[in-house]
There are 2 protein chains.
Amino acid sequence: MRRSSEDTKASILGAARERFAADGYDRTTIRAIAADAAIDPSMVMRYFGNKEKLFAAAADFDLHLPDLSGVPEDRIGATLAAHFVERWEADEALMVLLRTAVTNEDVAGRMREIFASQLGPLAVKLSGDPATAARRAGLVATQMLGLALCRYVLRLPPVVEMTHQDVVGWLGPTLQRYLVGRDG
Amino acid sequence: MRRSSEDTKASILGAARERFAADGYDRTTIRAIAADAAIDPSMVMRYFGNKEKLFAAAADFDLHLPDLSGVPEDRIGATLAAHFVERWEADEALMVLLRTAVTNEDVAGRMREIFASQLGPLAVKLSGDPATAARRAGLVATQMLGLALCRYVLRLPPVVEMTHQDVVGWLGPTLQRYLVGRDG
DNA sequence: AGTGTAGGCCAACGCCTGTTGACTTCGACA
DNA sequence: TGTCGAAGTCAACAGGCGTTGGCCTACACT
């Protein structure tokens, strides 16, 4: 039995996600992805056009921020911290983005857009202060992306060793203050 | 007048630092560095052996953590936050490291070592608790590297727009809690 | 059974990279 | 003034990359 077009496409996409997540855009080669998918490199071009479009398909992403309306106000930081860790570990999409955004201006722009459009509105709603909401969202980003960087990319041992509970316990109050606390 | 060996070497090193900081290891080419230094690519090899050794020379780095013994205990977080921002903006060394560590395991290891050996002892001294010191140092790293990532690499607008004072005001209390606060 | 087509393979292209070694030129010193 | 080493150039290499187009081949349908 020969594979269907959709099967092959999915298999390429899966291999691409793994490679991009592990190595970033530049170090990932079409040839390596093709080898992982047990396919000829030219098939990758046939299905995705070129490397950039393949990356775009592999990095398609949504933060899936939870609805916080039912959460007690003093648990917002903790809830958000827990969500971020889970979202980060759920699949490789954020890893793909982060590993590439660092050396690719287009992808960095995409990351800016994701955080502005998904975290921004949340900050407006929670802080009730549109004037400082963007800054509050930015601060949350510094802490959460910093955690991701140290835990999943640089793998600093003390950060890797933290349990989900540890993360929530330490970072929750930080996010809480950034989002709904008084100005710094 | 022909340039001296030292002049050329320094000029190559300067160009290398700029390129590595702006583009990361992979996207930086020996040829581009040589062009910036107005020199033939083969001179780079003559003086530094190969690309890896050139990178090692360009990424030589010290956090230069300040002596905090004269600082009032409740100002430690703010002092450290201010120091980090200034250190980061003083030269390109941290940028070189960060941009490359994300896709290069050796450099990531070097970053681990830098934070463990320079931030670790500080945490021991400040928290007075060797058992949790490593974790505290790790938490500080998540916040400071996250700030650097968002401010200098991803350039999230709200984070870029913060003044040094803003950074100290918001992140100071976070670092304070991570270093000398009660457990999370 | 014959045939069209979609899925797949192969070989090659042009380009760019790090790296090498032979060659040239300048300047200090005898 | 001649010479010798250091500073710098030049051209080429081998290998990897994204990408292309022509070819094959198994299957579904008539």
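Convention: sequence-line order gives letters A, B, ...; per-chain numbering from 1.
Remark: E52(B) CD is loosely packed, at most 12 non-hydrogen atoms of other residues, nucleotides or ligands lying under 6.0 Å away.
Of the listed nucleotides (dG7(C), dA7(D), dT20(C)), dA7(D) has the atom at the smallest distance from the side chain of M43(B). Set against dC10(C), dG18(C), dT19(D), the side chain of D40(A) has dC10(C) as its closest nucleotide. Checking dC10(D), dG7(C), dC9(C) against every side-chain atom of S42(B), the shortest atom distance belongs to dC10(D). Counting only heavy atoms from C-beta on, S5(B) has its side chain closest to dA7(D) among dT19(C), dA7(D), dG18(D).
Mapping I39(B) and K51(A) onto DNA chain D via the closest heavy atom, the residue that lands nearer the 5' end is I39(B).
Distance, F55(A) CZ to dT19(D) P: 14 Å, rounded to whole Å. For the pair R27(B) CZ and dC17(D) P, the computed distance is 15 Å after rounding to whole Å. When the P atom of dA6(D) is taken as reference, atom CG of D7(B) falls 17 Å away, rounded to whole Å. Rounded to whole angstrom, the span from the CZ atom of F48(A) across to the C1' atom of dT19(D) amounts to 16 Å. Atom CZ of R19(A) and atom P of dC17(D) are 10 Å apart (whole Å). A straight line from CD1 of I12(A) to P of dG18(D) spans 14 Å, rounded to a whole angstrom. Nucleotide dC10(C) holds its P atom 14 Å from the CZ atom of R46(A), rounded to whole Å. The distance between atom CD of E6(A) and atom C1' of dG7(C), rounded to the nearest whole Å, is 13 Å.
A salt bridge links E105(A) with R112(A): the distance from a Lys NZ or Arg NE/NH1/NH2 to an Asp or Glu carboxylate oxygen falls below 4.0 Å. Ion pair D129(A)/R136(A) not flagged as a salt bridge, since none of the NZ, NE, NH1 or NH2 atoms sits closer than 4.0 Å to an Asp/Glu carboxylate oxygen. Residues D23(B) and R99(B) are not paired through a salt bridge, judged by the lack of any N-O separation under 4.0 Å between the basic side chain and the carboxylate.
A 4.5 Å side-chain heavy-atom check between T103(A) and Y25(A) finds every atom pair outside the cut-off.
Using a 4.0 Å heavy-atom cutoff across all strands shown, Y47(B) reaches sugar-phosphate atoms only and no base atom.
Counting atom types as modelled, R31(B) pairs a side-chain N or O with a base atom of dG18(C) as donor and acceptor under 3.5 Å. Judged by distance alone with a 3.5 Å cut-off, no donor-acceptor contact links the side chain of T29(B) to the base of dC16(C).
The side chain of T8(B) places an N or O atom within less than 4.0 Å of a non-bridging phosphate oxygen (OP1 or OP2) of dG8(D).
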